[in-house]
Each structure stands twice: as C-alpha cells, then as structure tokens.
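Below is one structure, written out as structure tokens; comments come after it.
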Amino acid sequence: MKRYITYAVLFLSVIGYSQTDNDSTKVKTIDEVVVLNKLPKKFSSLPNQIEVITEKQIEFQNFQTTAEMLSNSGNLFVQKSQQGGGSPAIRGFEASRVLLLVDGIRMNNLIFRAGHLQNAITVDENMLENVGIFYGPTSTLFGSDALGGTVAMTTKRALFLDESKKALTGNVNTRYSSVNEEKSIAFGLNYATSNFASLTSFSFNDFGDLRMGKRKNHHSDYFGERPFYVATIDGVDQLIENDNKYVQKNSGYKQYNFMQKLAYKTASGFEHGLNFQYSTSSDINRYDRLTETNATTGLTHAEWYYGPQKRLLGVYSLQKSNAFLNSDLKINVAFQDVKESRHNRRFGNYKLQNREEEVKMYSVSADLNKKFSKGELFYGFESYFETLNSSAYSNNINTGEIAAISTRYPNGDNKMMRNDLYVSYNHKVSENTFWNAGARVGYTTLKSTINDDAFFPLPFSSISQGNVTYSGTIGINHNNSQNFTIKANLSSGFRVPNIDDLAKIFESVQGTIIVPNEDLKPEKTLTADFGIVIQSDSKKIRLENTYFYTRMYDAIVTDEFQYNGQSIIDYEGTPSQVFANQNKGKAFVTGISTSFYAALLDDLDFNASFNYTYGRVVEENGTKTPLDHISPYFGKIGFEYTKSWANFELYMLYNGKKASKNYSTSGEDNQQYAPIGGMPAWETYNFKTGFKVYKGATLFAGIENILDTQYRTFASGINAPGRNFYAGLKYSF
C-alpha cells in the first residue's frame, strides 16, 4: 500500500515544463520562443502538447551533452548504450520513429535504425538557442518518422547590430566534471553591422572513463560493476582486473564541434544566410558490447567501437516578408554528409571487422506563411534526396592482412527520395477558441542494388519501392475561462521503410541474424490527444494533464522469419536463428503526461513532471505482447530559487521499475543488460547553482546524484554517472 500511495503522490504532484524569467510575476509561458517557422508564435493557442527548453535553461543546467540535457529535462526518456550516446524516446517511440531536426533540416536519414541511436550528441548544446519537443504524430508538419514526436533543435543566430548593440560580442564557457574528469571549453564570437552578421562557434569536450555510483540502490542489489576488461598486450588479448570496479573502463571519448553562420540583409528586404556545421569525435567504444561475458574467455569482445561520427551540414537560406502572394517566404537549400563506422572483433580473434557507411543528403524546402485577420496559413514543400555507400573489410591487427567481408547494407547503389507538400491553418474563432487543421501528401521512392552477394547469397539483386504518403491533423483549443482550458487533437503519422529496415544483414547478438525483407510497407499511426489545463487567476499555479491514445497500423517489428525456407542458417560460422523486419498487424500506445507549476514565493518556484506510457503489439490471434521502447514511468520534481544575480535549483529525477514481463521479445529493450527480474526503479537528488561573480562572468556549479546511487536506466547498457561535482565559468564580452 505504501508503494501505491507514493505513486499517487507523484501523480498528483506532477508538473510540466516551465521557463525561467527574472520578473516579479514569474509567470511561466512558452510563447516567448519561436522554434520553427511552420507554427504560430503563440504556441499556447495550439492543441498539441509542446515543451520548450530555452537557451537560459540549457546554460544554467550545464549538462555535458545534448542527450544529457534532454534526459534531465523530465520531459523525455533517453536510452544509452555507451557514454558517447543518447537515444531520445517520446511516448514509447524511439530512434527512427522520432524525428530529429536541426535548424529545420532533417537529421533522420536512410540508415536511421529502429534500435538505439547516438546522433543527438552531434549537435552541441552550447550552440543551441532552444529545443522544441513536439509530442505525438507530427508528420503533417515535418514528414516521415515523426510517429512519437519531433525534437527540433534550433542553433543560435548571427545577430545584427540592432540586436547585439555592439559590433563585436562573444563568450567563453568552460566546465570540469569529477565523475568522468570532463574538460570542456566552448567559444563563440559574433560580428555585427546593420546589414551583415557573422557568428563563429567552436567547442571541445574531453570525457574520461565514467564512474558509476558506489552506493546500493535501495530498489535493488549492486549491478553493472566492471571487475575486468580486455587489453591487447604484445598482440595478445588478455583479461585484466580493473583496479576500480566502479570505473567503467574504456567508456571515455572526445568530441569536437564547429559552427559558422553568415547573414546579409539587402535594401530590397531579402535576408541571405549561410549555416555551416561540423561535428566529429574520437572512436567511441560500444560499452555494452564490451561487457558481454563468455564462459571460456571471460568477456566476449576484445574490441567493439564506433569510429568517429562525422556530421557536416551546409545550408543556404533566403527569406523575405510579403514575398509571394502576401506570404512570408523562407527557402532552404541544404547538403549533409554523415559518416559512421563499426569496428569489432571477438576475444582471441585478431581480425578486426570494419564496416563503414557514408550518407549524403541533398534537400530543398520552401515554407510560406500568410496572415489573415483571424487566422494564419502555413504551406510549402520539401524534397530530400539521399545516397548511401556501404563498404567493409577486415584487417589482422598483428599481421596487417586485409580481407573483404560482408557489408552492413547492400554494396551497390542505395538511394532514397522524398517529395512532400504540406498545408496547415490556425484560426481564431473567438478570444477563447482556436482551431487547427493540416494535411501533408507526398511520394517516396527507394532503390537498393547488390553488386556482390558472395558472402551472403540473396534471392534478388535489387530492392525498389514507391510509396504514396499522407497524414492529417485537426484540433481545438478552448478556454472556458481564464482558469480552465480544454485541448483536443486528432492526428495521423507515417514512417516510410528505409534502407536499414528493408535491406540490412545484421547480427544483433551471436546466434541471431536479421535478413532483408523487401515486402515491408510504411508504418502508420492515428493518435487522439486530450488535455486539460487548470490555472489560477494570477497564473502562478498551473496544472496540465495530457492523455493520449495511439493506434499503430502495419507496425514494423523484428520477428522470426524464414530465409529460403530455413529458420536457422549459418552466418560467419555460427548457426543463427533467422529474424526479419515485418509488418506485424497492429499495436497501440497509451499514456498520460502531467505537469504542475506553482510560484510559492516571488523568487521560489515548485515544479514537477510525471510521464506514464503503456504499449502492446496486437497479434493476429488477438494476443497482446509488450511493444518495444516503452519506458517505465519517469519524471522530475524540484524547487528553483531565482534572483537577478543568481539561480539555485534542487530537484529529484525518478524512474519506475521495468519488470521482465513487460520487456519486448524483439531484443530492442536490451533485457540482457538488465538484472534478473528487470530494470529496478531509481531516483537521484541534484543541486545546481549559477551566479554572477563580476560583470560579464557567471560561475556555474553543482552536485548531481548527491547520494552516489548505483543505477542504470531502462534499455541502457552502461550504468549512469555516480556523484558528480561540476564547475564552470562563462565570460561574455
């Protein structure tokens, strides 16, 4: 009974997201931030659930990566397979079912997988102006993959003289963290004239091996310690005893980020922009794989790491007010080049397998916005063309011998093209009622060819698809009074199968092989949202509840399959059970998100959040089995004290238990990296502060996981950080 009382308290205490400002009213609102030009500036008039993380919050929270910033917001669940990673999940959807945008450009590409991704860390949190989190299907606005929602990251703008007030401004930001001996520095410089602006940003992060908590989690026993690791000495793999079992050996990495923006205004009202971003890293060890045990050798893998994850983005933009049919116009022409690789070998096997992928993405989009007396129309088109080059080889680390091996994806021509038209209209019926409707239609093509199938003979030499895509949304936002608001929204979403879904050959664990299936169809969802907002006359107290129900059709799941009539085949010398991605009928996801905010005093706020999700796959015989990526309940509860010269925050992050019976059988939930019985519940207590030490200089410091609790988040393969002392200094000029 005590446990259920605790749950009830958490549920009733729940809060949502709030912004911080320094005025005396301390009213929380998200209307200050313009995230994208496809939406009205006043987000509170929309029926959708939207949260915004502002630049001030990002700066004050001072997290090490964008993935950490998202996971500690209390609004998103983030999975981690290694320290250099972080895969956001929204409403039980993750990876290729959540759309990532940076400056309005899709990051999702034709090899985004359904498992877990680390692409979010290639966007440096120091360069962000804000992050918008859009819950539920947002395909109507943003296109394919936005089934669970969209994370829209907007980087800082190059400021003109009327905005910066000085021709030359800049800042330097440093940070040190004890839990992994992090040493980070970020630098930004803005040059401004009345019609020309330039912003240059650079950051460097050095993360050492991550130390887990030392104190037993009162919800479970000790788990995930690192007693041994593998080292190769004089060309021989050896099992080495770790001198500190709480240090997750070989989890450290380095990250480099660069951004250059240029903006120019013409006398005729046009604004031209150039946006160049580049991110790369050192090798990043796949920590979960390095901890897999073997009865003979102790540990299964001697090496398993991702090569440097390189992301290059170049965007030319053109915008003008009243440019076409009295509509504001923005055109983006963009190019992306993404390189990633996987390198692994088993203990005692000195042939290192190397698989490399390079994706190039070309895109053009036009977004238009026309205002009416009581409404606002958004419309435009998007076109994306993507190519993939997949290569592979092995090299003997002792002899240097090079040999060809099978590629992860087809080794011929791989290409995908998306063309979409969209329209969205927001109408103000009265001072108290707004409605919104929108639609998107498009056509997506995919073609993949196999030049050489000597390593794994296939019954076909090419795969091609063409899919008509469509989605729609309609919603209403009605204020019964200044104290009570009702929101309702019905929206559909879609995700078109990509190369990763259709054509990869992948060994998820030894003895299991995933083979291509060319008969996949797009996934589709239909979601109903219902929200209630209750607030005081002064808006100093606010309670918001959002309930959602999502029905998923033609859900792509990994399940048992037959390849050439066989359920078990030989793959690289190992008898392997055959699996494939398949459209397995229907699935549903439902849940609730609750938020509460109270201004207790002029300078003291209370806020909290609670999120619960439940998902099941409905088999043809009516049997319901757990859907993958469904996190346990989670949230955040805390107090924030704000003065003009300082901020202080004390908060708790918490997660519920994920019992073994609720794990998906697909393997995506990584049950092998959880204790027997499932992933235990946990909570951490944290304190942060930031205060001005002299003009232009702000000192940030804090303690995270104060109790040094040892824990691991659901589906993750690495333990979370232990007690962490951090400090940083930002100087602006």
Side-chain angles (χ1 to χ4, degrees), residues 20 53 56-80 82-86 88 120-121 125-126 173-184 186 205-219 223-224 244 246-248 251-253 255 287 607-609 634-641 646-655 680-691 698-714 716 718-730:
T20 301
I53 305 174
K56 287 184 178 180
Q57 289 177 314
I58 295 170
E59 180 180 280
F60 172 70
Q61 294 293 332
N62 232 269
F63 289 111
Q64 295 185 353
T65 67
T66 297
E68 294 289 337
M69 177 263 293
L70 292 172
S71 66
N72 284 271
S73 69
N75 298 315
L76 282 181
F77 185 87
V78 176
Q79 181 274 351
K80 299 188 77 169
Q82 62 274 338
Q83 185 179 191
I121 70 167
E125 77 282 3
N126 291 291
N173 198 357
T174 62
R175 183 179 59 241
Y176 173 81
S177 300
S178 64
V179 76
N180 55 0
E181 298 185 355
E182 176 209 7
K183 296 170 281 291
S184 294
N205 309 101
D206 183 353
F207 304 112
D209 291 337
L210 183 66
R211 183 184 60 80
M212 70 184 75
K214 294 182 180 179
R215 293 190 58 183
K216 179 181 176 181
N217 180 355
H218 65 91
H219 296 288
F223 173 74
N244 185 346
Y246 301 110
V247 173
Q248 297 175 100
S251 60
Y253 73 102
Q255 184 86 25
Y287 183 81
N607 54 69
S609 63
F634 69 94
K636 179 179 180 179
I637 300 174
F639 297 88
E640 185 175 3
Y641 183 75
N647 275 30
F648 302 90
E649 185 179 19
L650 179 66
Y651 64 94
M652 177 184 77
L653 294 170
Y654 64 91
N655 265 227
W682 57 265
E683 63 273 342
T684 65
Y685 301 91
N686 312 270
F687 175 74
K688 294 177 179 290
T689 182
F691 54 91
T698 304
L699 180 65
F700 299 97
I703 310 174
E704 297 166 334
N705 192 1
I706 294 172
L707 300 183
D708 202 27
T709 301
Q710 185 183 96
Y711 71 100
R712 180 176 292 189
T713 58
F714 161 66
S716 295
I718 184 170
N719 276 13
R723 183 187 296 119
N724 179 41
F725 296 91
Y726 76 88
L729 180 67
K730 180 179 181 180

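Just so it is clear, the values below take in all heavy atoms, side chains as well, and ignore hydrogens, waters and symmetry mates.
Under the 3.5 Å distance criterion, the side-chain polar atoms of S251 are matched with a main-chain donor or acceptor of L210. Between the side chain of Q710 and the backbone N or O of F223, at least one donor-acceptor pair lies under 3.5 Å. Checking side-chain atoms of S71 against main-chain N and O of V78 turns up no donor-acceptor pair under 3.5 Å. At distances below 3.5 Å, at least one donor-acceptor pair connects side-chain atoms of T689 with backbone N or O atoms of N647. Although no hydrogens or angles enter the test, the distance criterion places no donor-acceptor pair under 3.5 Å between the side chain of R723 and the main chain of S178. Listed for the N686 side chain is a donor-acceptor partner under 3.5 Å among the backbone atoms of N705.
Taking 4.5 Å as the limit, some side-chain heavy atom of E649 sits within range of a side-chain heavy atom of F60. Residues T65 and F207 meet the side-chain proximity criterion, which asks for heavy atoms closer than 4.5 Å. Within the 4.5 Å cutoff, no side-chain heavy atoms of R712 are placed close to those of K80. In this structure, F648 and F687 have side chains that are in contact, with non-hydrogen atoms separated by less than 4.5 Å. Contact annotation: the side chain of Q248 never approaches that of Q83 to less than 4.5 Å [non-hydrogen atoms, C-beta and beyond].
To the nearest 0.5 Å, atoms CG (N607) and CD1 (I637) are separated by 9.5 Å.
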Exercise. Apply the test side chain to side chain contact (heavy atoms under 4.5 Å, CB included) to residues M69 and I53: give CA-CA distance (whole Å), side-chain angles for both, the deciding distance (0.1 Å), then the verdict.
Key: CA-CA 9 Å; M69 177 263 293; I53 305 174; 3.7 Å; yes
Quiz prompt | Stepwise side chain to side chain contact (heavy atoms under 4.5 Å, CB included) check, Y176 with E181 | solution = CA-CA 7 Å; Y176 173 81; E181 298 185 355; 3.9 Å; yes
Quiz item: N217 and T709: side-chain hydrogen bond (donor to acceptor under 3.5 Å, both in side chains), yes or no, with the steps?
Solution: CA-CA 6 Å; N217 180 355; T709 301; over 6 Å; no
Exercise. Under the salt bridge (Lys or Arg N to Asp or Glu O under 4.0 Å) rule, what do K688 and E704 come out as? Steps first, then yes or no, please.
Key: CA-CA 8 Å; K688 294 177 179 290; E704 297 166 334; 2.7 Å; yes
Exercise. Show your reasoning for whether side chain to side chain contact (heavy atoms under 4.5 Å, CB included) applies to N205 and Q64.
Key: CA-CA 8 Å; N205 309 101; Q64 295 185 353; over 6 Å; no
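By the 30° and 60° cut-offs, the orientation of the rings of F714 relative to F77 is tilted.
A search for ring pair (Phe, Tyr, Trp, His ring centres under 6.0 Å) contacts involving Y711 returns W682, not counting sequence neighbours.
Exactly one of E59, E68, E125 qualifies for a salt bridge (Lys or Arg N to Asp or Glu O under 4.0 Å) with R175. That residue is E125. The side chain to side chain donor-acceptor pair (under 3.5 Å) test with R211 is passed by exactly one of D708, N719, N724: D708.
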